[in-house]
Number of protein chains: 2
Amino acid sequence: MRALDDAIAELARFNDDPEAGGITREVYTPTYATALEWVADRMRGAGLETRLDAVGNLFGRWEGSEPGAPVVITGSHVDTTLNAGAYDGVLGVLGAIEAVRALRERGVAARRSIDVVAWAGEEPRFGTGCVGSRAAAGELERADLDRLVDRDGTSMAGALSEAGFDPDRLADARIDPAGVHALVELHIEQGIVLETHGEQVGVVTAIAAPHDFRLTFRGAATHAGATPMGLRRDALAGAAEAMVALERAARESPSGTTVGTVGVLRARPGAINVVPGEVELDVDVRDSDLAAREQVVQAIVVAAREIGERRGLEVEVTPIVEDVPVTCDPGVVAAAQEACRELDLSLRLMTSGAYHDAMIMGRRVPVGMIFVPSAGGVSHHPDEYTPPEDLERGVQVLAGTLSRLAA
Amino acid sequence: MRALDDAIAELARFNDDPEAGGITREVYTPTYATALEWVADRMRGAGLETRLDAVGNLFGRWEGSEPGAPVVITGSHVDTTLNAGAYDGVLGVLGAIEAVRALRERGVAARRSIDVVAWAGEEPRFGTGCVGSRAAAGELERADLDRLVDRDGTSMAGALSEAGFDPDRLADARIDPAGVHALVELHIEQGIVLETHGEQVGVVTAIAAPHDFRLTFRGAATHAGATPMGLRRDALAGAAEAMVALERAARESPSGTTVGTVGVLRARPGAINVVPGEVELDVDVRDSDLAAREQVVQAIVVAAREIGERRGLEVEVTPIVEDVPVTCDPGVVAAAQEACRELDLSLRLMTSGAYHDAMIMGRRVPVGMIFVPSAGGVSHHPDEYTPPEDLERGVQVLAGTLSRLAA
């Protein structure tokens, strides 16, 4: 499996900002296009027949013995965030090529065709992630391509045109769910659950989805020395209390799997001798259990309003994003479990906290995911790492899963 | 007293950034120098004899009948923070000129000389505030003038030279405490205590001093979706708990007058889908009661360390500044109280939470302060405001206080 490790290193050289130490390869850039061409070459080298769809999703097909049967899709993405690591997404594409190559070499005869896919734009260059799989799922409208813009103001439609695609042919990228038997995505965990529990492979039973919103607390920016404690309307003190309530609400979630995070906090005016008059918290709540997630969101909002009331703070709730979690298909989960057992690997049934193209497609077709450990849970960072033996295990489990699903 | 209101408006025109809506007039800038020349003219117009000392403190003397007797000093400052209001400091200088003018016109014959002063650099252009009064108190060394730099990297020594002063003559600015009978500073409250209690004048009995420090919490910046609540080392969740403990410690202070504030919070990396790995809190704790203040600081640090221990966060405490509070002189307080009674004004004996040049000088000579209300407690902001009738009361109380102290 040296081959996979080498391939990951080779792909890492397609990089718009090597000086930063990590990898920057955003979708629809010239660097992305040459990287994708390299991936297509590699697909063809493994005997796959390649094609690019209307939004730049790259498919490599291993034709099954029954070409009319619904196909099995496997893959992930090869675009990155800014200054990212080498494994996120990439493993699911290059690993899928290796899995199919291994099946062929082993002489497995698949009844169903297997499509290896590199979805376009899983990372949110245009604010919204998973644009390639959203297009395939029929979740993007032509107007969205003009509405979605990157940090430089380039629209997705403009970026598509520049990359040689016709935004008006968006609908051609749609995949008919009836033609898909199952989809399975191999990915690094991006967390420390497997590492913490010393397990080799994660078989995902559900993909959590976020409900993101902003809480704004408005009080009075008064002098830190001249305003007695009893006369303050301290927006940050209120926000602190709300963060404690948020953490408690997530911990006490009925599902036991809800996570709640304040990743961004802005306190204004931001001077050591001024009581903060305005604080924004960007809140992310996720769960694979939608009802539990919404119960936690509700508890947070109620607590924030009660805190605001009590402290004389104005509290505003602004929606950011609200996605629907996906339950993995029992058939795909069972196939992955059997593959692990056959290989005598320790496995953990787990939820994916991060979201993936498989979540988008999972709303239309049966999906599943396979996780391998991430060292220290580090992801979206140059230090992202998974040792070669873990990569190999992931590919073997994927091969075993695919052979079952395609049989 | 229209004269004072007009004078404040006239001085406000010396402004380096009028477009911002407020007043920007930092010490040692050309704009500050012309403003100070305008103040000197006004002093001379009121019959005062002016002189500038070695660091730019401007004095206007009304010679008493006994020139050898220790003098009475009154004044404040006319430099501002960025985009500030028109009253902070300015009232104490222009109001003192009006108070002396009123005493002269009333035919009061002062035994002691009265020095009206505009201290240089009360606002912290060079990081440390009150540089003019610190120089007068003998608290600055020549080396400090090189060490103290502004946001553009200009040292105080460089700024002095550019403004035509010789930094090597720093020691000439020193005032012999034996030559000072008392110092009294008129100032806007910068808080809402007077407004809240509906009182007209504040007579300050003590000036609180800050103990400022930075608390840094270090955890692990992991994926907000992929890291279960039980496996997090969330630096912001820990900081939130510490802020709640800080507020409680300040509220439960044995003195009843301690205030505790987190004015600055930095959470890194600052992405909605990443658990914050590092958070800095800039903490300001103040009291006129030094023991109570230190007890609160201690309680905050102990709580932060306990929270860090429990959550697996590294906690670091970095000193910023630690100043000693000042108790006002009973004689000055009594003079101000008598002046209020004579004028039939409602007064409040109170602590100054903000710090002032009077605090610096108060370590060497008997000091006192007189407060007038600040509308909404707003200060260091274009909306800073005190109505003309309150300004007038402040000047009348100052005049009454000065006539008693100089008698």
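Below, chains carry the letters A, B, ... as their sequence lines are ordered, and counting in each starts from 1.
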- Task: For each of A237(B), G191(B), A250(B), A354(B), tally heavy-atom pairs with chain A at distances under 4.5 Å, and name the one with the top tally.
- Result: A354(B)

- Message: With a 4.5 Å cut-off on side-chain heavy atoms, are N273(A) and R286(B) touching?
- Response: yes

- Does some side-chain heavy atom of V274(B) sit less than 4.5 Å from a side-chain heavy atom of H380(A)? no

- Message: For V283(B), which atoms come within 4.5 Å of any heavy atom of chain A: side chain, backbone, both, or neither?
- Response: backbone

- Using a cut-off of under 4.5 Å on heavy-atom pairs, state which of R251(A), E241(A), R232(A) scores highest against chain B. R232(A)

- Would you give the length of the straight line joining atom OG1 of T227(B) to atom CD of E189(A), rounded to the nearest 0.5 angstrom? 8.0 Å

- Below 4.0 angstrom, N of the basic side chain to O of the carboxylate: do E247(A) and R311(B) qualify? yes

- Item | Rounded distance (nearest 0.5 Å) linking atom CE of M229(B) with atom CD of E252(A) | 10.5 Å

- Select, from A267(B), S253(B), A240(B), G230(B), the one with the greatest count of heavy-atom pairs under 4.5 Å involving chain A. A240(B)

- Item | Top contributor to chain B contacts, counting heavy-atom pairs under 4.5 Å, from A224(A), S352(A), S374(A), G377(A) | A224(A)

- Note on the structure: NE2 of H223(B) to CD1 of I188(A), rounded to nearest 0.5 Å, is 9.5 Å

- So which of V244(B), V275(B), L231(B) has the largest heavy-atom pair count under 4.5 angstrom toward chain A? L231(B)

- Among G353(B), P269(B), P228(B), G256(B), which residue forms the greatest number of heavy-atom pairs with chain A at distances under 4.5 Å? G353(B)

- Between L236(B), D282(B), T258(B), the one whose heavy-atom pairs under 4.5 Å with chain A are most numerous: L236(B)

- Heavy-atom proximity to chain A below 4.5 Å, by part of L281(B): neither

- With rounding to the nearest 0.5 Å, note down the distance linking OG1 in T222(A) to CD in Q190(B). 11.0 Å

- Query: Of all of G376(A), A271(A), S379(A), which one pairs up most often with chain B through heavy atoms under 4.5 Å apart?
  - Reply: A271(A)

- Query: Picking from V262(A), D284(A), V321(A), what satisfies side-chain contact (heavy atoms from CB on, under 4.5 Å) with I272(B)?
  - Reply: D284(A)

- Which atom of V193(A) lies closest to which atom of A226(B), heavy atoms considered: CG2-O, 4.2 Å

